[in-house]
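Please read the structure below before turning to the comments.
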Amino acid sequence: MATKTLGFSVTVSDLSKCFGSRSPQPTSKVRVFTLRCSAVKGERPWKTSDARLVLEDGSIWKAKSFGATGTQVGEVVFNTSLTGYQEILTDPSYAGQFVLMTNPHIGNTGVNFDDEESRQCFLAGLVIRSLSISTSNWRCAETLGDYLAKRNIMGIYDVDTRAITRRLREDGSLIGVLSTDNSKTDEELLKMSQSWDIVGVDLISGVSCKTPHEWVDKTKQEWEFNSKPSQETFHVVAYDFGIKQNILRRLASYGCKITVVPSTWPASETLKMKPDGVLFSNGPGDPSAVPYAVETVRNILGKVPVFGICMGHQLLGQALGGKTFKMKFGHHGGNHPVHNLRTGHVEISAQNHNYAVDPATLPEGVEVTHINLNDGSCAGLAFPAQKIMSLQYHPEASPGPHDSDYAFREFVNLMKHERSKKSEPQLSTV
């Protein structure tokens, strides 16, 4: 490879010109040296823009790539969390989406293998302002860039994330195409973004487990913060619509024996297991795109206590006869205020969803228990007659605050109440 070399020497006469009257005397010890500098022709010592994010509105954002290379399409959403990017990367609810982090500095703590929320990264790509050039954390195992490259996940940085976030807030979530392929024109990428849609796509089947399995891991003692394990053991069947592992850990920490089943697992098979309760988990995409899941939920309602989280909350709403709708830009972040209408308390919550339940369409008897204080949307439901409770947000808080961890205890209490009712002696009517 061609190089350019620059060489120069320094002598005593040169020093005299530089120092004038203060120049070293001839008797002084002066070292004459030659310095040669070389550089590879045509290369710069810094990375240049080599990627594009093309949004369906026609805007083109040049950026620098890290992680994997190629071309990928997805829905662009912004996340306002300050920490926890690794948990976000491995949250199955982000399947089909590019996650834009509003916090400008990402990668500072690297990644480790304890904070994984699922078996792989399901998101389509990561968009950030500044990629940390070094890592500093006692648990760090590798850099963010290496981590994404090994998992074939694209990332871009040095892009104006504030400007993109404002566009998403004003216009709503947008479909975009990330590409490092210079052979593709801007027009081709724009056409790709305008011809793809995430609405109506079944994303659950791609993230769910394939066979039933038992879950036993609890929250590690050094991270345990709140739970008081039940003296009784309750068997919970957890439907995996894209479940986060910390949901399972929190349930186990509260004394539950857990069987995880696929999203397509028949309700009849679940009821044969005679569980004390059923959990309908979080998951990606449009609840209207998975009518089979709605039917499963409907066939279980009223038979055992149930707890719905995020997607599970939306499926419960539809199973009860209500409707769901797509939000303008959704809720994504670890700092959303939620009002618990039963206690009057305000919880700071972790959220990740683009759809919500319309409470006006729900039948009589269904109670709205929580509302999001940012926009007044429904954030929690209860239907005591059917032994139902649900939250639109993530009480396991990984990442996020622990304000809502009590929900797992409430679910345990719901199962405990149902068990006590069954054990009560039946009065004879004779």
Go through the steps to decide whether Lys272 and Glu269 satisfy the test salt bridge (Lys or Arg N to Asp or Glu O under 4.0 Å), and finish with yes or no. CA-CA 5 Å; Lys272 285 180 184 178; Glu269 293 300 314; 3.1 Å; yes
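- With no hydrogens or angles considered, no side-chain donor-acceptor pair links Gln86 and Glu117 at under 3.5 Å.
- Note that CD1 of Ile60 and CG of Asp186 are 3.5 Å apart. Values are rounded to the nearest 0.5 Å.
- In summary, the side chains of Thr259 and Glu214 do present a donor paired with an acceptor at a separation below 3.5 Å, with no hydrogens or angles considered.
- Between His370 and Tyr406, the ring planes lie parallel to each other; the angle is under 30°, not in the 30° to 60° tilted range.
- Counting heavy-atom neighbours within 6.0 Å of Lys62 NZ, excluding the residue itself, gives a total of 12 or less.
- In this structure, Asn79 and Leu100 have side chains that are not in contact, with every pair of non-hydrogen atoms separated by 4.5 Å or more.
- Glu87 and Asn246 are not linked by any side-chain donor-acceptor pair at a separation below 3.5 angstrom, with hydrogens and angles left out of the test.
- The minimum heavy-atom distance linking Pro275 with Thr270 is given by the pair CD-O, 3.3 Å.
- Atoms CE and OG, from Met101 and Ser130 in turn, are 13.0 Å apart once rounded to the nearest 0.5 Å.
- You'll find the side chain of Tyr94 reaches within 4.5 Å of the side chain of Val77, heavy atoms only.
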Check: Would Tyr292 and Asp202 satisfy side chain to side chain donor-acceptor pair (under 3.5 Å), going step by step from the backbone distance to the final call?
Finding: CA-CA 10 Å; Tyr292 63 87; Asp202 176 6; 3.1 Å; yes
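- The side chain to side chain contact (heavy atoms under 4.5 Å, CB included) search around Leu189 returns Arg52, Val54, Thr71, Val177, Ser179, Lys184, Met192, not counting sequence neighbours.
- Exactly one of Asn372, Asn335, Asn374 qualifies for a side chain to side chain contact (heavy atoms under 4.5 Å, CB included) with Gln351. That residue is Asn372.
- Ring to ring, Phe325 and Tyr355 are not that close: their centroids are 6.0 angstrom or more apart.
- Comment: Asp114 engages Lys220 in a salt bridge, judged by a side-chain N to carboxylate O separation of less than 4.0 angstrom.
- Using a cut-off of 4.0 Å between Lys/Arg side-chain N and Asp/Glu carboxylate O, Arg129 and Asp158 are scored as salt-bridged.
- Listed by first then second residue, pairs satisfying side-chain hydrogen bond (donor to acceptor under 3.5 Å, both in side chains) with a partner in residues 356-368 read Arg342-Glu367, not counting sequence neighbours.
- Shown here are the ring pair (Phe, Tyr, Trp, His ring centres under 6.0 Å) partners of His353, two or more places apart in sequence or in another chain: His331.
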How far apart are the C-alpha atoms of Lys191 and Glu188, what are their side-chain angles, what is the distance that settles it, and do they pass the salt bridge (Lys or Arg N to Asp or Glu O under 4.0 Å) test?
CA-CA 5 Å; Lys191 186 176 181 180; Glu188 288 176 314; over 6 Å; no
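- Residues meeting the side-chain hydrogen bond (donor to acceptor under 3.5 Å, both in side chains) test with Ser288, sequence neighbours left out: Gln318.
- Rounding to the nearest 0.5 angstrom, the gap separating the CG atom in Leu279 from the CG atom in Asp240 is 10.0 Å.
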Side chain to side chain donor-acceptor pair (under 3.5 Å) between Trp265 and Ser263, intermediate numbers included:
CA-CA 6 Å; Trp265 192 252; Ser263 60; over 6 Å; no
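- Of the inter-residue distances, the one linking Asn282 atom CG with Tyr239 atom OH reads 16.0 Å to the nearest 0.5 angstrom.
- Considering every non-hydrogen atom in both Phe241 and Ala293, the closest pair reads CE2-CB, 4.0 Å.
- For the pair Phe98/Met154, no side-chain contact is recorded, criterion being any heavy-atom separation below 4.5 Å from C-beta on.
- When the salt bridge (charged side-chain N to carboxylate O under 4.0 Å, His left out) test is applied to Arg169, no partner is found at least two apart in sequence or on another chain.
- Interatomic distance, CG of Asp403 versus NE2 of His345, reported as 11.0 Å (0.5 Å rounding).
- Counting heavy atoms from C-beta on, the side chains of Ile388 and Leu316 come closer than 4.5 Å.
- The minimum heavy-atom distance linking Gly110 with Tyr85 is given by the pair O-OH, 2.6 Å.
- Under the 3.5 Å distance criterion, with hydrogens and angles disregarded, no donor-acceptor pair is assigned to the side chains of His394 and Ser349.
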Checking Ser404 against Glu347 for the side chain to side chain donor-acceptor pair (under 3.5 Å) test, could you report, in this order, the C-alpha distance in whole Å, the side-chain angles of both residues, the deciding distance, and whether it holds?
CA-CA 7 Å; Ser404 306; Glu347 306 161 22; 2.5 Å; yes
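- Contact record, Cys209 with Val260: SG-CG1, 4.1 Å, taken as the closest heavy-atom pair.
- Within 6.0 Å of NZ on Lys210 lie more than 12 heavy atoms contributed by other residues, nucleotides or ligands.
- In summary, Asp286 and Lys326 do not engage in a salt bridge, as defined by a charged side-chain N under 4.0 Å from a carboxylate O.
- Annotation: ring pair (Phe, Tyr, Trp, His ring centres under 6.0 Å) contacts involving residues 299-320, sequence neighbours excluded, comprise Phe307-Phe411.
- Residues Ile156 and Ile128 are not in side-chain contact: their nearest non-hydrogen atoms beyond the backbone lie 4.5 Å or more apart.
- Around the CZ atom of Arg151, the shell of radius 6.0 Å holds more than 12 heavy atoms that belong to other residues, nucleotides or ligands.
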